[in-house]
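Order of the sequence lines sets the chain letters (A, B, ...), proteins ahead of strands, with each chain counted from 1.
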Number of protein chains: 4
Amino acid sequence: MLEVRERIIRSAIKLFARKGFFETTVEDIARGARVAKGTIYLYFKDKPSIYTTIIERHLQESIQSLREIEMQKISHREKVVEIIKRGIKIWLKFKNAHPMFSIENINFAKKLMRGIKPLFMKYHAEIIERIAEIVKAGIRTGEFKNVNPAVAAVYIINIIRTAILLPQINPDLKNYEQDIEKIFLEGLIRR
Amino acid sequence: MLEVRERIIRSAIKLFARKGFFETTVEDIARGARVAKGTIYLYFKDKPSIYTTIIERHLQESIQSLREIEMQKISHREKVVEIIKRGIKIWLKFKNAHPMFSIENINFAKKLMRGIKPLFMKYHAEIIERIAEIVKAGIRTGEFKNVNPAVAAVYIINIIRTAILLPQINPDLKNYEQDIEKIFLEGLIRR
Amino acid sequence: MLEVRERIIRSAIKLFARKGFFETTVEDIARGARVAKGTIYLYFKDKPSIYTTIIERHLQESIQSLREIEMQKISHREKVVEIIKRGIKIWLKFKNAHPMFSIENINFAKKLMRGIKPLFMKYHAEIIERIAEIVKAGIRTGEFKNVNPAVAAVYIINIIRTAILLPQINPDLKNYEQDIEKIFLEGLIRR
Amino acid sequence: MLEVRERIIRSAIKLFARKGFFETTVEDIARGARVAKGTIYLYFKDKPSIYTTIIERHLQESIQSLREIEMQKISHREKVVEIIKRGIKIWLKFKNAHPMFSIENINFAKKLMRGIKPLFMKYHAEIIERIAEIVKAGIRTGEFKNVNPAVAAVYIINIIRTAILLPQINPDLKNYEQDIEKIFLEGLIRR
DNA sequence: GATGAATGAGAATTCATTCAT
DNA sequence: TATGAATGAATTCTCATTCAT
């Protein structure tokens, strides 16, 4: 049997993803973790802090993934492609509950989420920063066009988002990753 | 003074965008519209239906915008650029509350959104369809690369989203639209 | 077209009988009377006073009916039977909404009905009184057993109630009036 | 101190009888039971279900009482008298709130009662049935007149009602039970 | 007289959080 | 540590009544 704290987190991830933060009750989480309601409060200060913990974990995972990519001996183009691939993998785990690349959700519930924003912003800024660094390097080596690296970084995060949303919106689509990558790297315009 | 119904809608748009659906109370909306709580219920069946009405309005506006672009006598490239420009304008108004712009919210509050989903999906499908048609035409004329038009359509919607998020994440950035457009149309890779 | 006031009363009678006092809204009554909601308040002080008016009308009708029976040249036994017959007829019109022989309803809604109680009690006392007078006379002439006339009067009102409830409880029953009258006049015990 | 659930039920019985269902608030009940408002909802799904529970309890008590009477080794006449005596005792506790005792209430609040009606009808039918059986047996043995037993059963229930109402209407009356019993068993007519 | 839009007090219900055991 | 019964603030929604037109 897992640690109580871990059981709570896993139960919460499952429920937040399925029903959302507001429509998941602390009781639901407790039931899923097979502990009593009160026990939750021995491990977490309040409901939002469960959410915060989950987000933080995923953001850290994302940053760890970026660090690994940075150190690989591959072209910057390949690095960018790798960021997208691994980003999809990590974020897919957390799917819809993840406010990561859905920054709006942070505003979606001001009061409750107030505590999440600074945390999120800190990590988010680092993620953008690290991706921007790779883009900047790619520009220096002449691999990439001369664009604002920060803009490109946000753009890349949205590419990940596009890849995750696409099958939700259009489940029949196959091999869309190739098209996304193509448009992203080479542009929509034919020459 | 505006019509009561219109005042309620505008108050709700402002509040949903600022605080989100759950943390906006009916009383808040009433206060913002300068009517009594009960008055809301003369114009709307319940709280979710205010939300639905707002969403529908924005989706219809989006579709109307697409129709106008379709009829313009400009290149497909210019049409796509125009879609993005006008999309930004429309969605900016509704910012954070807009579930299209932030499809994750649909899962962020499953039960609430259940009623909205069919409505949303209907319009969303039409929007994707119309954008895809333009892309398809552009491919035929040789303006665009040969990619799956549906993939490109979702991609374009996410470009709009990127453009809206960027200044929120990094308020110092200037002229980022140009870079976004450049990456989108010509790709990140230099040649 | 009837007078407005009369239209309101008839609409209310119909609705109170069908849905009860609490679940009939003033708006319902107005719609049924084909007047605007506000118009009701030109004719009645408030919602309970519509109810009061209806009750008063029926109680007066009951008393009028008793007065007529008193003057008839028939035996006391026949008078009592007549009271029951005409009581059934009058009360049936108002059926379930009638708190008359459902004195509990007066307590069923203390606050709202507070105004009804004195009115009701006044008439009710008179009705009991008049019936008791007839019973007393019957005892004097030797037609009836020597029982407390007031007890007999309430008993008689409950006979009316029994006759009205029976078909509601058991719709298949036929000719039950005869059995009720028999038990009432001659008793259940065989001799 | 009683169990919480029991305290809630007793508080509700007292209040429903005094003020009626509609004018008793959940807060009232909670205060009377000395628990918080929310606690009510740990024991009952909603307000009507408190009512239902109370009704069911009293109906079951009535049936249990009938079963006991059935088994007694006394004449049918004595059984019938016993039914009335014990009926008075049981129903007095629940007085005004009891819809059996006051079947009109069923229509006094149609929507509310819709959920109660099937429950009520089930028990009510059994009560009538059991009383009717006793009457039928009394007719067979020659104790009772040859009347429809179902009619007599409803008649008996109304006798109970008469006995409960009488002191409410006329508080000065003494020994009225004897007169009621006399009229019921031997009839009003003198011979 | 007549209207019906607007009001707002009041009710039922939910659920995060506490705390005695 | 763990429990889960109890709490009560907060929210949605209803509807009798008012009042400007």
Side-chain angles (χ1 to χ4, degrees), chain A residues 3-5 8 21-31 33-50 111-112, chain B residues 3-5 7-8 21-31 33-50, chain C residues 3-5 8 21-31 33-50 111-112, chain D residues 3-5 7-8 21-31 33-50 111-112:
Chain A
E3 285 275 358
V4 172
R5 196 185 142 88
I8 293 169
F21 178 85
F22 292 99
E23 290 170 10
T24 295
T25 66
V26 174
E27 180 130 39
D28 287 341
I29 297 171
R31 196 169 21 248
R34 281 190 279 147
V35 294
K37 224 185 329 173
T39 305
I40 302 270
Y41 289 85
L42 299 176
Y43 293 90
F44 296 92
K45 169 173 138 286
D46 54 14
K47 189 186 171 194
S49 87
I50 305 174
K111 198 171 49 185
L112 255 163
Chain B
E3 288 281 347
V4 172
R5 196 186 143 90
R7 296 217 309 275
I8 293 168
F21 180 85
F22 291 100
E23 292 180 5
T24 296
T25 67
V26 173
E27 184 133 34
D28 287 340
I29 297 171
R31 200 172 13 251
R34 281 193 283 140
V35 295
K37 226 184 331 166
T39 304
I40 303 274
Y41 290 88
L42 298 177
Y43 293 90
F44 297 92
K45 164 174 140 290
D46 54 14
K47 191 188 168 193
S49 88
I50 304 174
Chain C
E3 285 276 357
V4 172
R5 197 184 142 89
I8 293 169
F21 179 84
F22 291 100
E23 289 170 11
T24 295
T25 66
V26 174
E27 180 130 37
D28 286 341
I29 298 171
R31 196 168 22 247
R34 281 189 279 147
V35 295
K37 224 188 324 177
T39 305
I40 303 270
Y41 289 85
L42 298 176
Y43 292 90
F44 296 92
K45 169 174 137 285
D46 54 15
K47 190 187 172 193
S49 87
I50 303 174
K111 198 171 51 185
L112 254 164
Chain D
E3 288 278 349
V4 172
R5 196 187 142 90
R7 295 215 312 274
I8 294 169
F21 179 85
F22 291 100
E23 292 181 4
T24 296
T25 67
V26 174
E27 183 134 33
D28 287 340
I29 298 171
R31 200 171 15 251
R34 285 199 274 142
V35 294
K37 225 177 338 160
T39 304
I40 303 274
Y41 290 89
L42 297 178
Y43 294 89
F44 297 92
K45 165 174 142 288
D46 53 14
K47 191 187 169 193
S49 87
I50 304 174
K111 200 167 55 185
L112 161 70

Note: for B/Thr25 and C/Val26 on DNA chain F, the residue whose nearest nucleotide lies more 5' is B/Thr25
Taking OP1 and OP2 of F/dT14, is either one under 4.0 Å from a side-chain nitrogen or oxygen of B/Tyr41?
no
In whole angstroms, the gap separating C1' of E/dA6 from CD of B/Glu3 amounts to 14 Å
Walking DNA chain E from its 5' end, the first of C/Arg34 and B/Val4 to be reached, judged by nearest nucleotide, is C/Arg34
Exercise for review: Would you mind classifying the nucleic acid contact of A/Tyr43 as base, sugar-phosphate or nothing, using non-hydrogen atoms under 4.0 angstrom?
Suggested key: sugar-phosphate
Any strand, both distances under 3.5 Å, Watson-Crick or G-U wobble: E/dT21 pairs with F/dA2
**Q.** Side-chain (C/Lys47) to main-chain (C/Phe21) donor-acceptor, under 3.5 angstrom
**A.** yes
A/Leu42 atom CG is separated from E/dA20 atom C1', nearest whole Å, by 14 Å
* **E/dT7 OP1/OP2 closer than 4.0 Å to side-chain N/O of B/Thr39** => yes
Taking every heavy atom of D/Arg34 against every heavy atom of D/Arg7, the minimum-distance pair comes out as O-NH2, 3.4 Å
A/Lys37 vs F/dG4: side-chain N/O to OP1/OP2 distance below 4.0 Å: no
D/Phe21 CZ to E/dA11 C1', in whole Å, measures 11 Å
Heavy-atom closest pair (C/Phe44 atom, C/Ser49 atom, distance to 0.1 Å) is CB-OG, 3.5 Å
D/Ile29 CD1 to F/dA6 C1', in whole Å, measures 17 Å
In whole angstroms, the gap separating P of F/dT12 from CZ of B/Phe44 amounts to 15 Å
- Query: With a 4.0 Å cut-off on heavy atoms, is A/Ser49 in touch with a base, just the backbone sugar-phosphate, or nothing at all?
  - Reply: nothing
When every non-hydrogen atom of C/Asp46 is compared with those of C/Tyr41, the smallest separation belongs to CA-CE2, 4.0 Å
D/Arg7 CZ to F/dA5 P, in whole Å, measures 15 Å
D/Arg31 CZ to F/dT7 P, in whole Å, measures 14 Å
Walking DNA chain F from its 5' end, the first of B/Lys47 and D/Val35 to be reached, judged by nearest nucleotide, is D/Val35
Shortest non-hydrogen pair, A/Ile29 vs A/Ile40, comes out as CG2-CD1, 3.9 Å
By the Watson-Crick or G-U definition, both distances under 3.5 Å, F/dT14 is matched with E/dA9
Separation of F/dT7 atom C1' from D/Glu27 atom CD, nearest Å, is 12 Å
